[in-house]
Amino acid sequence: MASVHAIRFHETGGPEVLRWEEVALPDPGPGEALVRHAAVGLNYIDTYHRSGLYPVTLPSGIGLEGAGVVEAVGDGVTEVAVGDRVAYGTGPLGAYSEARVMPAATLVRLPDTIDDRSAAAMMLQGLTAQYLIRRLFPVQPGMTVLFHAAAGGVGLIACQWLKHIGATVIGTVGSPEKAALAKAHGCDHTILYRDEDFVARVKEVTGGAGVPVVYDGVGKDVFDGSLDCLARRGMMVTYGNASGPVPDVAPLTLNAKGSLFLTRPKLMDYVATRSELTAAADDLFDVVGSGAVTIAVNQTYALKDAAQAHRDLEARKTTGSTVLLP
Ligand code: NDP
């Protein structure tokens with residue numbers, strides 16, 4: 001049987017648990033495809049799997065996103081064919097590999113307008129921006145919204161897309177350099193939330209009214225303040241834990257702060273069927289293909305150096321998207 005190199009981990013912990021190993025590459029079975037990766041996407045969720053915040057069965061592969069070429073397919077595969085350029089952003093775990101066998105139904109064909117690195121950078125983060133701002137809470141032209149970590153991977157895509165929709169974007173960022181980057185990607189108002197009171201700034205920008213929706217991938221550090229940024233009957237979208245998971249919330253808190261809505265979504269539930277996945281991917285490919293949204297691949301690492309990529313991501317040193325190159 002053929003073999004390839006992959007990053008795996010045998011115990012949860014810091015970036016040092018990630019190991020570069022030789023693994024078997026079987027032939028694809030029914031419904032499966034063998035994909036040779038051109039690029040692999042790095043996402044914050046990878047750190048949750050590695051640390052144990054999101055439990056996985058050990059030992060485990062890691063990574064949910066990649067782009068490459070289909071080299072072989074098993075019986076009954078209709079979604080893709082040998083030679084197709086494809087990408088995926090919803091796993092299963094094991095994307096940090098030179099090549100892999102995976103369910104063909106999770107793959108989408110890439111249009112010629114999307115290069116491999118952009119594809120590996122945008123599937124998970126771009127499909128996330130798509131469901132957050134187009135479906136979970138469809139943002140309308142003229143709305144003012146708050147997006148946390150605006151200079152991050154999901155953040156830079158969302159800022160551009162929100163601007164394209166005609167919204168006004170308030171974005172929190174961790175440094176002046178990140179503020180400049182977010183502004184260059186459509187963020188109208190940036191807040192240095194490590195130094196400034198972001199609730200007061202949001203109130204100032206909105207004339208005291210607050211925003212109809214907060215998109216929050218930061219979690220613990222900003223959750224309480226984010227509720228205070230919402231207008232009456234506003235929607236709190238807590239979708240990530242970069243600073244740690246949000247503690248329990250009493251429903252009466254939502255009542256006291258203005259009949260708020262609270263949701264804790266995940267991408268998998270918004271691309272749960274093949275038709276949802278392809279419709280969302282087409283929407284994403286359209287805004288990227290038209291140039292309305294550009295994919296900022298601001299860091300690349302050799303795949304075998306994935307541990308360093310994790311260190312930099314968790315130390316808030318990265319901006320936009322990061323890809324790992326096999
Ligand atoms: P990012 O590129 O946005 O990286 C995370 C950013 O969070 C950092 O760059 C940093 O930006 C900010 N941050 C704030 N506090 C901390 C902290 N204490 N430690 C580290 N970073 C911090 O990552 P992604 O784009 O990959 O993901 C963004 C968020 O969205 C993550 O929480 C991720 O888990 C979540 N997510 C959720 C999905 C879902 O469907 N539920 C799908 C995809 C992503 P700054 O320095 O500007 O504060």
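Residue numbers run from 1 in the order of the sequence given. In this text, all values refer to a predicted model and were calculated from it rather than measured experimentally. Note that ligands are numbered from 1 as they come in the structure, with each ligand's atoms numbered from 1 the same way.
In this structure Phe198 satisfies the ring pair (Phe, Tyr, Trp, His ring centres under 6.0 Å) test together with His148, sequence neighbours excluded.
The part of Glu314 lying near ligand 1 is the backbone, judged by heavy-atom distances below 4.0 Å. Contacts between Arg264 and ligand 1 below 4.0 angstrom, taking non-hydrogen atoms only, involve the side chain exclusively. Looking at Ala151 against ligand 1, nothing comes within 4.0 Å, counting heavy atoms. Counting heavy atoms closer than 4.0 Å to ligand 1, residue Tyr48 contributes side-chain atoms (C-beta onward) but none from N, CA, C or O. Only backbone heavy atoms of Asn241 (N, CA, C or O) come within less than 4.0 Å of ligand 1; its side chain stays farther off.
Every atom of ligand 1 with a heavy atom of Val173 under 4.0 Å away is listed here by number and element: 47 (O). Heavy-atom contacts of Lys178 reach the following atoms of ligand 1: 9 (O), 11 (O), 45 (P), 46 (O), 47 (O) (cutoff under 4.0 Å). Listed by number with element, the atoms of ligand 1 under 4.0 Å from a non-hydrogen atom of Val218 are 14 (C), 15 (N). Atom numbering of ligand 1 starts at 1 in the shown order; those under 4.0 Å from a heavy atom of Lys266 are 39 (C), 40 (O), 41 (N). Close contacts between ligand 1 and Tyr131 involve ligand atoms 39 (C), 40 (O), 41 (N) [criterion: under 4.0 Å to a heavy atom]. Set against the non-hydrogen atoms of Gly240, the atoms of ligand 1 under 4.0 Å away are 32 (O), 35 (C).
Under the 4.5 Å side-chain criterion, counting only non-hydrogen atoms from C-beta, Lys257 is not in contact with Leu230. Within the 4.5 Å cutoff, the side chain of Asp216 has no heavy atoms near those of the Val237 side chain. Counting only heavy atoms from C-beta outward, the side chains of Arg8 and Ile62 never approach each other to under 4.5 Å.
There is a side-chain donor-acceptor pair under 3.5 Å between Tyr96 and Asp46.
Close N/O approach between Gly152 and ligand 1 is not found [any backbone or side-chain N/O within under 3.5 Å].
Of the listed options Leu53, Val154, Thr90, Val154 places a heavy atom closest to atom 44 (C) of ligand 1. Ranked by closest heavy atom to atom 12 (C) of ligand 1, the top entry among Tyr270, Tyr193, Tyr44 is Tyr193.
Ion pairing between Asp228 and Lys203 fails under the 4.0 Å rule for side-chain N and carboxylate O.
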